[in-house]
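Below is one structure, written out as structure tokens; the observations come after it.
Just the heavy atoms: all of them, side chains too, but no hydrogens, waters or symmetry mates, feed the values below.
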Amino acid sequence: MKYSPDEVIQYVAEEDVKFIRMAFCDVRGRQKNISIMPEELPRAFRDGIAVDASAIPGFEGGVRSDLFLHPDPSTLSVLPWRPEHGRVVRMFCTVTYPDGSPFPADTRALLAAAVQEAKKEGVEFAFGSEMEFYLFRRDENGEPTGIPYDRAGYMDIAPEDKGENVRREICLTLEQMGIRPESSHHEEGPGQNEIDFRYDAPLAAADNAVTFRAVVNTVAARSGLYADFSPKPLPEEAGNGMHLNFSAKSSDGRDVMPAVIAGVLALIPEMTAFLNTAEASYERLGCKKAPQYISWSYENRSQLVRIPAAAGEYRRAELRSPDPLANPYLAFTLLIRAGLYGIREGLALPPPADINFYTVGEKEKAAYRRLPGSLEEAKVLARESAFIRESLPAEITDLYTR
């Protein structure tokens, strides 16, 4: 349900809410929050709530460390794992300077601006994410170990798949928060799991991805486990991906998806530093179904962009290179702007690569460009990119590429 400020205030009064978490993300996409009491809520909607941002990565401003959080009432959600009496709710916030001017490192606001730009050009985007994570056991002191929760494989069932009940609790918790998972299953690696989301508008989809990570971490901890979203938790096993499904519709009925995909393919090397942010990200690419070459095809999972078998509203493109450490607000922002670039330039989609990059010879592979082979190479491409300079504030680019 999409609430207004007055409806939120009424809900808080009627439903025994005692704490309101004002949530936002740092530049890397890690969720932060500050809790306020119900009596502070009218002031939050009217003026915002001040926070000291001097210790938040990417927010350090030196002489301008005070920032204000402005809650978005449409994102109100109860945290089901908190007590039923004295409830806790959460809202995502916009971040501004004290004078109300936009804070350039607020990545959620960047995505909102990209969505508005697309709408002005008559294009509407939608996103869905497929998030993978490992479940590891904890030791007697509660510290994470490198021991997987089970030794099951791809789409195995109980009793080999011990994560079944954990995934069930995650999905039910998400449903209580108004987020609809589409499917869940055991992944290829030992202790590895995947939960997929239904399509949604860009801001809601990014909010859901951030919420998902918080829910998984919470449910795993309650189960005595540790959830690991890093790109390559176990060197010899499959890495964690965050496959991004996207679609675009034009208000005039044109089929803009070929140009959108072409734009993404053209600019993906320059975007990779923001989609694959760790050294371990590049150990994952090119290994165990993770792409390495810049290509597309129907259904083939060795490609960078895959067009899955689906019909009607489920027709989409799937970008397979990002991993779960990426900030979803930045990832969606860059995909929208790359798609708009493809539309404006009238880019044509190249022929599909109907080959399996895991089995084909080096001669066939040589016909295709590769993704950056290291984080440093990706940073150089991002620093030199006119597209990145036009799409992101210098403060964000500097943090990711220095």
Report the C-alpha separation of F357 and Y368 in whole Å, then their side-chain angles, then the decisive distance to 0.1 Å, and conclude whether the ring pair (Phe, Tyr, Trp, His ring centres under 6.0 Å) test is met.
CA-CA 10 Å; F357 280 101; Y368 297 90; 5.2 Å; yes
For R337 and E117, what are the C-alpha separation, side-chain angles and deciding distance, and is it a salt bridge (Lys or Arg N to Asp or Glu O under 4.0 Å)?
CA-CA 9 Å; R337 294 196 178 279; E117 183 175 334; 2.4 Å; yes
Distance check, rounded to the nearest 0.5 Å: [X] atom [atom1] versus [Y] atom [atom2]?
{"X": "F24", "Y": "D72", "atom1": "CZ", "atom2": "CG", "value": "15.5 Å"}
{"X": "S391", "Y": "I336", "atom1": "OG", "atom2": "CD1", "value": "11.0 Å"}
{"X": "F45", "Y": "I9", "atom1": "CZ", "atom2": "CD1", "value": "6.0 Å"}
{"X": "S230", "Y": "Y134", "atom1": "OG", "atom2": "OH", "value": "9.0 Å"}

Using side chain to side chain contact (heavy atoms under 4.5 Å, CB included) as the criterion, point out the one residue from [options] that pairs with [X].
{"X": "L319", "options": "F127, W296, F246", "value": "F246"}
{"X": "R320", "options": "H243, Q303, M242", "value": "H243"}
{"X": "R213", "options": "R30, M131, Q31", "value": "M131"}
{"X": "Y329", "options": "L334, V210, L110, V27", "value": "V210"}

Does [X] reach the main-chain N or O of [Y] with its side chain, forming a donor-acceptor pair under 3.5 Å?
{"X": "R284", "Y": "N240", "value": "yes"}
{"X": "E182", "Y": "D196", "value": "no"}
{"X": "T145", "Y": "I147", "value": "yes"}
{"X": "K232", "Y": "A238", "value": "no"}
{"X": "E7", "Y": "Y3", "value": "no"}
{"X": "N193", "Y": "G191", "value": "yes"}

Residues [X], [Y]: salt bridge by 4.0 Å N-O rule:
{"X": "E376", "Y": "R383", "value": "yes"}
{"X": "R28", "Y": "D26", "value": "no"}
{"X": "K249", "Y": "E124", "value": "no"}
{"X": "D16", "Y": "K18", "value": "yes"}

D161 meets the side-chain hydrogen bond (donor to acceptor under 3.5 Å, both in side chains) criterion, sequence neighbours left out, with R167
My understanding is that only residues two or more places apart in sequence, or in another chain, count here; which of them pass side-chain hydrogen bond (donor to acceptor under 3.5 Å, both in side chains) with D354?
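Only S297 meet the side-chain hydrogen bond (donor to acceptor under 3.5 Å, both in side chains) criterion with D354.
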Exercise: do D6 and S4 side chains pair donor with acceptor under 3.5 Å:
no
Exercise: do T75 and D207 side chains pair donor with acceptor under 3.5 Å:
no
I388 side chain near Y400 side chain, heavy-atom distance below 4.5 Å
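With C-beta onward as the side chain, the pair stays apart.
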Is there side-chain contact between L234 and F136, with at least one heavy-atom pair below 4.5 Å?
yes
Check the pair E14, R87 against salt bridge (Lys or Arg N to Asp or Glu O under 4.0 Å), reporting the backbone distance first and the verdict last.
CA-CA 11 Å; E14 293 177 351; R87 285 181 168 181; over 6 Å; no
